[in-house]
Student: 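To start, I am sharing the structure in question, which I have written as structure tokens.
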Protein chains: 2
Amino acid sequence: MSGGSRRRPTSFDVAERAGVSQPTVSRALSGSPAIAEATRRKVIEAAEALGYFVDERAARLRRGSTGTLAVVVICREGDSAASINPFAYALLGSVCVAASERGFETLVSFQASPEAFFGHYQEQGRADGLVVIGTTTNAPAWEHFRALDSEGRRVAYWGSPHDELDWVRSDNHAAGRLAVEHLLAAGYRRPCFLGALNTPQVQFTERYEGYAEAMRAAGLEPCLAPTVNAATREEEGRRAARRLIERGEDIDAVFAACDAMALGALEAFAAADVTVPRDMGVIGFDDLVAGRFSRPPLTTIAPDPAEAGAALVEAVLDDSDAMARRRVPVSLIVRDSTLRAG
Amino acid sequence: MSGGSRRRPTSFDVAERAGVSQPTVSRALSGSPAIAEATRRKVIEAAEALGYFVDERAARLRRGSTGTLAVVVICREGDSAASINPFAYALLGSVCVAASERGFETLVSFQASPEAFFGHYQEQGRADGLVVIGTTTNAPAWEHFRALDSEGRRVAYWGSPHDELDWVRSDNHAAGRLAVEHLLAAGYRRPCFLGALNTPQVQFTERYEGYAEAMRAAGLEPCLAPTVNAATREEEGRRAARRLIERGEDIDAVFAACDAMALGALEAFAAADVTVPRDMGVIGFDDLVAGRFSRPPLTTIAPDPAEAGAALVEAVLDDSDAMARRRVPVSLIVRDSTLRAG
DNA sequence: CTTATATCTGCGAACGTTCACAATCCGCGC
DNA sequence: GCGCGGATTGTGAACGTTCGCAGATATAAG
């Protein structure tokens with residue numbers, strides 16, 4: 001209030017105070033090697049005394065970079081931003097945070113058709129890179145991708161089923177192994193995988209592979225309870241579990257490819273008087289909040305959205321020529337649904 | 001690939017093609033009134049032919065604006081970005097989207113102590129405005145706020161308990177009314193409010209007020225089942241519900257201030273053999289995914305994160321001098337927990 | 001003591017826009 | 001017929017930084 005708002009200090013002000021030229025200030029603060037250590041200290045001191053910060057707008061203009069990361073979240077046609085998967089939201093949030101930590105701003109968009117988005121940003125050139133969250137089977141989208149990529153624009157994908165591109169995924173093989181090892185340690189003898197393979201959801205397939213591997217390592221035959229398409233994932237899980245019971249399969253535990261299916265399965269088991277965890281162990285993947293409130297509470301493998309977001313940002317911003325393909329560690333969260341009472 | 005990447009066209013290129021001077025291009029495209037309609041058309045045509053877009057960096061530098069919106073999500077000390085309330089995430093996402101739609105980028109941060117953030121952005125001046133998501137009782141934070149505000153920097157708050165500032169909240173009074181009206185229509189006779197009043201959570205208090213008003217309008221006496229502090233909201237709900245049963249209060253329905261409490265209450269009722277919805281109706285607020293999977297599925301009042309995000313951005317960016325205080329509509333979602341079978 | 005070399009710093013320009021101001025054109029009234 | 005105001009457009013500068021290049025200083029070698 002009193003005194004009014006002072007003008008923001010510029011590099012000229014710092015230069016004057018430090019007794020050097022203005023470009024020297026720039027060099028000192030941007031970490032250029034061609035600067036004497038003594039000068040740098042002097043400049044830094046002056047900058048701090050004045051409360052100086054580099055004006056990113058000017059720096060970016062001159063440098064030719066945008067300092068901006070575009071993020072597109074793929075959602076179904078007509079979906080509002082509110083109705084997407086909670087994990088995608090958490091991922092979005094952590095991408096934004098990771099970008100901010102590296103001094104990048106984010107331009108976020110929810111899109112049913114990624115290609116529109118790609119075209120737009122490609123032309124407008126408003127972002128240095130693009131992070132895509134979600135899975136699409138949309139072929140034109142992949143074309144736009146390659147176009148972006150060949151222009152030197154960086155793109156990273158969460159869970160991409162397309163092998164030409166940079167991606168980041170959960171360590172789904174480890175998830176499968178963790179699930180099997182936990183179930184066996186808890187006293188179950190024949191865990192079965194619940195989920196569909198060979199769908200665009202590569203991550204599900206990978207979880208199965210981890211599961212199968214661990215089963216064989218324990219001298220057991222993998223077994224699969226395939227799901228069929230339904231309106232919701234819960235419904236898929238419900239149906240698959242019901243079928244399992246009807247056919248009287250010889251299994252005593254289920255590893256569902258995602259929590260939503262696991263929750264559906266829990267309902268089906270309850271309806272058929274199969275008591276979880278006594279008669280049947282159930283474990284999922286995703287660590288949905290819902291799993292904390294189901295009855296019984298759901299054991300699950302938790303992905304790490306914070307790590308995943310950081311990895312995505314890193315994949316986009318670090319311009320190593322090598323393709324970035326990172327696995328983000330997962331962790332086991334034990335709740336009642338696999339606690340076979342002694 | 002072939003031909004390499006062409007240089008991005010500038011306003012000089014457009015000017016040359018349209019046969020006007022460069023600043024005229026700027027005027028034509030920025031909607032300045034001091035321009036002949038014929039000229040504007042000529043310029044726009046040339047711009048489209050060349051695929052020209054204004055370089056935001058240069059425009060912002062010259063204009064003195066940042067084109068950036070800072071968003072801070074307040075979380076508890078040590079919390080990672082991943083562990084915050086799902087609604088806050090949804091809100092964050094929709095704020096980012098709403099900002100992007102208005103051509104603003106977002107700088108997102110998760111902070112336990114908002115004052116650090118305020119100070120940082122205040123000095124660095126990297127954002128035109130600030131959106132704060134979350135509730136804090138931290139007094140120093142409010143000081144920083146006022147400072148920002150008096151410097152002409154715009155700030156908007158989700159659910160602020162501080163009356164000097166712009167805020168956006170759910171229409172909590174309507175929520176209370178909706179809950180009561182629904183419960184009465186469903187055949188319950190004496191619904192009770194479950195939650196604590198006079199806490200920093202103004203929104204809870206407002207929901208109670210709406211509830212009480214609707215009760216009186218129906219000729220009923222409001223009733224309150226106060227919660228006490230516990231590690232989690234579920235636990236608060238569980239305890240409050242247990243006490244309600246022990247004391248044998250004459251009630252047949254509960255409106256919980258949030259879904260987490262409602263879910264806790266559901267557990268307590270189940271443990272005490274009070275059958276929901278037959279003996280007791282339960283309704284919450286938040287529309288957590290968890291409510292879809294609880295047993296029975298939870299009737300709830302759903303806030304609208306998309307609308308809320310848009311309103312927050314509007315409050316920050318529209319520089320009317322009048323304080324922006326907006327109520328975002330809520331909607332009733334009926335599930336089994338209030339479906340008293342006939 | 002001089003020259004070559006490496007290390008550091010200053011100078012000027014450039015990035016692409018918007019803004020203040022001056023210049024031009026037009027029609028109209030005296 | 002000349003000047004004058006309003007509507008448009010052009011001119012020049014400025015926003016605050018980074019970059020290329022030349023100049024300066026110090027250190028080492030001949």
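What you see is a predicted model; the values in this text were computed from it and never measured. Just so we're on the same page: letters track the sequence lines, and every chain starts at 1.
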Student: For A:R57 and D:dT18, what is the distance between atoms CZ and P respectively, to the nearest whole Å?
Tutor: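 Between P of D:dT18 and CZ of A:R57: 13 Å.
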Student: Answer yes or no: does a side-chain N or O of A:T24 lie under 4.0 Å from OP1 or OP2 of C:dG10?
Tutor: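 Yes, because at least one side-chain N or O of A:T24 sits under 4.0 Å from OP1 or OP2 of C:dG10.
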Student: Please determine, by modelled atom types, if A:S11 and A:S26 share a side-chain donor-acceptor pair under 3.5 angstrom.
Tutor: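 Side chains of A:S11 and A:S26: no pair found under 3.5 Å.
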Student: Do A:R57 and B:E56 sit within salt-bridge range, that is, some charged N less than 4.0 Å from a carboxylate O?
Tutor: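 Salt bridge flag = no for B:E56 with A:R57.
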Student: Only one of B:V20, B:I44, B:T10, B:V54 passes side chain to side chain contact (heavy atoms under 4.5 Å, CB included) with B:V25; say which it is.
Tutor: B:V20
Student: Just call it for A:I35: base, sugar-phosphate, or nothing, with non-hydrogen atoms closer than 4.0 Å on any strand.
Tutor: sugar-phosphate
Student: How does protein reach along nucleotides 19-24 of chain D, written 5' to 3' as B (base within reach of a heavy atom under 4.0 Å), S (only sugar-phosphate), or - (no contact)?
Tutor: BB----
Student: Just so I know, are the side chains of A:R102 and A:L317 near enough to count as touching, which here means a heavy-atom distance under 4.5 Å?
Tutor: yes
Student: Among C:dT17, D:dT18, D:dT9, which nucleotide has an atom closest to any side-chain atom of B:A34?
Tutor: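 Closest of the options to the side chain of B:A34: D:dT9.
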Student: A:T66 and A:D128: side-chain donor and acceptor closer than 3.5 Å?
Tutor: yes
Student: Hydrogens and angles aside, do B:E105 and B:T68 bring a side-chain donor and acceptor to less than 3.5 Å of each other?
Tutor: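 Side-chain D/A pair, B:E105 to B:T68: absent.
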Student: Return the value, rounded to whole Å, for the distance between atom CZ of B:R40 and atom P of D:dA7.
Tutor: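 Value for this atom pair: 15 Å.
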Student: Taking CG from B:D55 and P from D:dG16, how many angstroms apart are they, rounded to a whole number?
Tutor: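 Distance, rounded to whole Å: 17 Å.
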Student: Can you tell me if B:S11 touches the phosphate of C:dT17, counting only side-chain N or O atoms and a distance under 4.0 Å to OP1 or OP2?
Tutor: yes
Student: Looking at the side chain of B:V20, which of D:dG10, D:dG16, C:dC11 is the nearest nucleotide?
Tutor: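 Among the listed nucleotides, the one closest to the side chain of B:V20 is D:dG10.
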Student: Figure out the CG/P separation between B:L50 and C:dG16, and round it to whole Å.
Tutor: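 These atoms are roughly 14 Å apart.
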Student: Is there a side-chain contact between B:T39 and the phosphate of D:dT8, meaning an N or O under 4.0 Å from OP1 or OP2?
Tutor: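 Negative; the distance criterion is not met.
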Student: For A:F12 and D:dT18, give me the distance from atom CZ to atom P, rounded to whole Å.
Tutor: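 So the CZ-P distance, A:F12 to D:dT18, works out to 12 Å.
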Student: Check the distance between D:dT17's P and A:L29's CG and give it to me in whole angstrom.
Tutor: 9 Å
Student: Do B:E45 and B:R17 meet the salt-bridge criterion of a basic N to acidic O distance under 4.0 Å?
Tutor: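 Not counted as a salt bridge, because no side-chain N and carboxylate O are separated by less than 4.0 Å.
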Student: Between A:E56 (CD) and D:dG16 (C1'), how many Å, whole number?
Tutor: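 Taking atom C1' of D:dG16 as the reference, CD of A:E56 is at 12 Å.
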Student: Take the protein atom CZ of A:F53 and the nucleotide atom C1' of D:dT17, then report the distance between them rounded to whole Å.
Tutor: 16 Å
